[in-house]
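Working notes, structure below.
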Amino acid sequence: MFLLMKPRQCKHNSRNMKRSADSEGEKRRKRRKLLQELGDQRIPFLGPSDRGFQQLWDSSYSGLVLRRSCSLPAELHGRVQAAFLTLRSKGCLLKDLVRVRDRDVFTAVSRALLGEPGHTYRYLETRLFAIPWHSEDTEAKGQNCCDPDLRAACKALWELNTFFCSDVSQLKEGDRLTQCAKGEVEVKQGEEGDTESKHSEDSKNSEGGDSESRQSEEGDTESKHSEEWDIESKHSEEGCSGSKQEGEWETESKHSCEEGESSQLKPSETSVATGSEHSEGKCPSWASKATSITETEPVGLEAQEKPVVQLKHSLSDYHIEDKEKQESGQGCSKPSPPQVCTGPVKFNVTLLNYMDPAAMSQLKEEPYYGMGKMAVGWHHDENLITHSPVAVYSYSCHDDKGESSEGGSGEKSCWRIGLKVAWDIHTPGLMLPLESGDCYYMRDDLNSTHQHCVLAGDTARFSSTHRVAECSSGTLTYIQSRCREALSNLHTDPETGSHSLLALLPTTLQDCEEIHNEVEFEWLRQYWFQGQRYARFCSWWTRPMEQLEKDWKLMETMTMLFLATVEEEGQAGEGRREMAETLLSALTDRHQQRQTWRDRCHSTLAQSLPPEQAPVDRPFWGVDDPNMPLPFDLADIINRVESLLWRM
């Protein structure tokens with residue numbers, strides 16, 4: 001039914017959506033123009049063997065701390081690495097089907113979430129449900145939800161989490177490196193008169209002059225530079241930058257940069273130091289050069305033309321504009337103000353990752369610095385408590401048996417992390433090699449002001465990334481309290497079992513419908529979209545989700561009671577109209593979201609999953625239920641409410 005009159009709230013939402021779309025288009029246009037000015041030039045980056053590396057680390061990446069593998073207890077290494085292999089052998093590590101720019105894509109890495117019981121972690125419109133740490137003797141409490149081997153693996157990662165919580169809290173200002181012995185890890189800075197910056201590869205000779213490879217990685221500005229400059233976490237590429245096949249959501253058209261453009265960086269305009277270590281991705285020797293900490297010569301692009309400096313400032317200003325519009329995160333109905341991390345560190349979840357580069361068809365080249373092949377593209381870790389640290393344990397192994405890569409050939413490429421200052425083409429990037437068992441911490445505001453990527457080595461790699469997730473609306477306790485809040489407006493007759501609404505205030509009814517939508521779309525559909533992946537090896541979430549379904553069905557009943565109240569002729573005119581508009585807005589949103597989830601469940605990617613992992617479109621969602629007081633068809637109800645508003 002087409003009506004000229006629409007509810008005021010729907011009009012408001014429509015205007016907001018249009019403004020949002022216009023704003024995104026304008027930001028995309030500005031970003032394309034600015035990055036075209038940058039052109040095809042490489043931005044310098046430094047590794048441990050380069051002059052100025054330590055000074056750059058101290059001045060621009062001071063929130064990064066490396067803990068060498070030999071500084072951790074050997075027993076802890078053994079338990080953690082055995083836990084990785086156990087989780088993989090039991091099929092707990094799976095690729096996530098996430099949402100990027102309104103399209104579903106698989107992550108390049110396989111993942112699992114462990115953490116505090118009842119915690120979740122939401123990224124790229126996907127909610128992961130944590131397998132509990134098993135930090136206590138659950139068997140003695142009669143709460144077994146998985147087999148002994150899996151419990152032992154989870155407990156080992158809880159022990160690692162406990163170690164990280166203590167270690168990060170004890171770090172002092174200025175700590176950069178926890179080493180095995182005094183003076184073992186030292187980096188040489190430049191001799192007097194030498195440049196402190198480095199182009200990893202000349203832009204005209206990238207990848208040995210392979211023009212086909214160069215064309216592939218340059219793409220159009222929207223592909224090469226896509227959202228990797230974008231501060232907004234909802235567009236982060238966390239785990240989605242593996243093979244080119246899995247990155248098909250990026251625009252594939254090509255761009256051209258006019259030769260001789262005045263603002264373009266030219267090789268002659270930047271002092272360059274050359275070397276083979278960066279382009280080849282080999283593990284450099286940390287002890288190969290001596291260190292002089294007393295030098296004060298600045299690190300970075302020292303000879304910049306004015307247009308490039310102006311471009312940097314333009315990008316920085318735009319970064320501020322984006323940050324003001326940053327998405328709040330967990331998808332709750334009423335976003336709460338951001339929390340700031342204070343006091344002792346308490347990591348509440350860890351996101352486990354596994355990737356074998358040999359199994360990837362084609363890894364994408366890092367496009368800005370020429371750092372090498374990327375396993376995970378540039379991103380910020382999202383949905384974390386503000387200024388909270390992130391702790392990462394890295395374990396590389398040769399094969400499925402988990403043999404460590406330590407002691408392998410020096411020519412083999414090792415895993416590395418790359419860091420850059422967000423929206424900054426002036427500060428050189430930082431590349432840090434990781435040996436198996438190394439850990440690193442990102443402290444203070446490093447995660448929010450910088451971006452990082454993971455550069456692939458030649459061997460398979462596990463990592464455990466410990467976070468202080470922003471869970472104000474992401475725990476089982478939270479959503480259970482929301483259900484109680486909504487159901488407190490429902491009265492059930494103890495004798496007949498019939499239902500009625502206690503309060504008919506539009507604000508109360510609106511809150512109930514918002515909670516209704518939150519339970520369905522942020523919890524039930526998120527859980528079932530990931531199929532039986534959790535229940536196969538851990539039953540912890542089974543009963544809580546069953547209870548949420550029961551609460552959801554009662555909220556469906558409340559919606560029908562709400563409708564009956566709106567259609568009752570005896571209601572006062574203005575109050576009745578306000579209730580009808582409130583109901584129509586909630587139902588229209590629900591109808592659209594249900595269609596989106598149905599499309600996702602039946603998409604080609606979703607249907608390509610094995611049965612035990614395939615999304616489930618639960619049969620009771622959006623269809624008639626004999627227990628409902630009235631026949632429940634959402635499209636029909638929307639038409640009825642629209643007709644009612646038309647007659648008012």
Side-chain angles (χ1 to χ4, degrees), residues 42 45 47-48 66 69 81 84 88 93 95-96 105-111 200-201 206-208 210 213-214 216-217 219 224 226 228 236-248 250 276-284 351-379 381 392-400 402-406 408-420 429-440 451-465:
R42 300 285 192 188
F45 76 94
L66 176 68
S69 60
Q81 293 172 11
F84 285 141
R88 183 168 182 266
L93 298 168
K95 293 186 176 182
D96 294 328
V105 295
F106 283 116
T107 55
V109 297
S110 300
R111 290 183 159 145
S200 64
E201 303 168 72
S206 173
E207 295 299 307
D210 186 343
S213 171
R214 194 163 61 248
S216 171
E217 70 181 61
K224 174 183 174 183
S226 63
E228 294 165 1
S236 80
E237 297 187 14
E238 187 175 1
C240 295
S241 295
S243 67
K244 187 172 182 180
Q245 179 182 1
E246 289 162 347
E248 289 176 350
E250 290 191 294
S276 62
E277 297 248 283
H278 283 165
S279 59
E280 295 175 9
K282 298 172 187 176
C283 294
L351 189 60
L352 305 182
N353 304 288
Y354 172 78
M355 183 179 179
D356 183 359
M360 303 300 297
S361 58
Q362 182 181 357
L363 293 173
K364 291 191 292 186
E365 292 287 337
E366 190 286 309
Y368 308 110
Y369 305 85
M371 290 181 175
K373 303 286 187 179
M374 294 191 302
V376 180
W378 292 106
H379 69 282
D381 290 343
V392 181
Y393 181 98
S394 180
Y395 169 50
S396 305
C397 55
H398 282 311
D399 51 33
D400 290 348
E403 295 180 7
S404 174
S405 63
E406 292 176 342
S409 170
E411 295 299 310
K412 292 185 73 65
S413 175
C414 65
W415 285 81
R416 292 143 289 144
I417 55 168
L419 293 99
K420 68 182 179 71
L430 193 78
M431 185 275 291
L432 193 65
L434 297 173
E435 296 180 4
S436 186
D438 281 353
C439 307
Y440 62 91
Q451 290 177 312
H452 58 281
C453 70
V454 181
L455 303 161
D458 286 347
T459 59
R461 174 185 182 255
F462 295 89
S463 67
S464 181
T465 61

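These numbers come from a predicted model, not from an experiment.
In this structure the side chain of L434 reaches within 4.5 angstrom of the side chain of L66, judged on heavy atoms. Residues D381 and H452 meet the side-chain proximity criterion, which asks for heavy atoms closer than 4.5 Å.
A tilted orientation is assigned to the rings of W378 and Y368, their planes being inclined by 30° to 60°.
For the pair W415 (side chain) and T459 (backbone), a donor-acceptor distance under 3.5 Å is present.
Here the shortest heavy-atom pairing between P48 and P433 reads CG-CD, 3.4 Å. Residue M355 comes nearest to A375 through the heavy atom pair SD-CB, 3.3 Å, listed as atom of the first residue, atom of the second, then distance. Nearest approach of K95 to T107, heavy atoms of both residues: CD-O, 3.3 Å. Heavy atoms only, all atoms of each residue included: G457 and P357 are closest at O-CG, 3.2 Å.
Remark: T465 pairs with R467 by the side-chain hydrogen bond (donor to acceptor under 3.5 Å, both in side chains) rule, at least two apart or across chains. Legend: residues meeting side-chain hydrogen bond (donor to acceptor under 3.5 Å, both in side chains) with S463, ordered by chain and number and at least two apart, are N353.
In this structure, K420 is not positioned above the aromatic face of Y369 in the sense of NZ or CZ being under 6.0 Å from the six-membered ring centre and within 45° of the axis.
Of the charged side-chain nitrogens involved, none lies within less than 4.0 Å of a carboxylate oxygen, so that K373 and E366 do not count as a salt-bridged pair.
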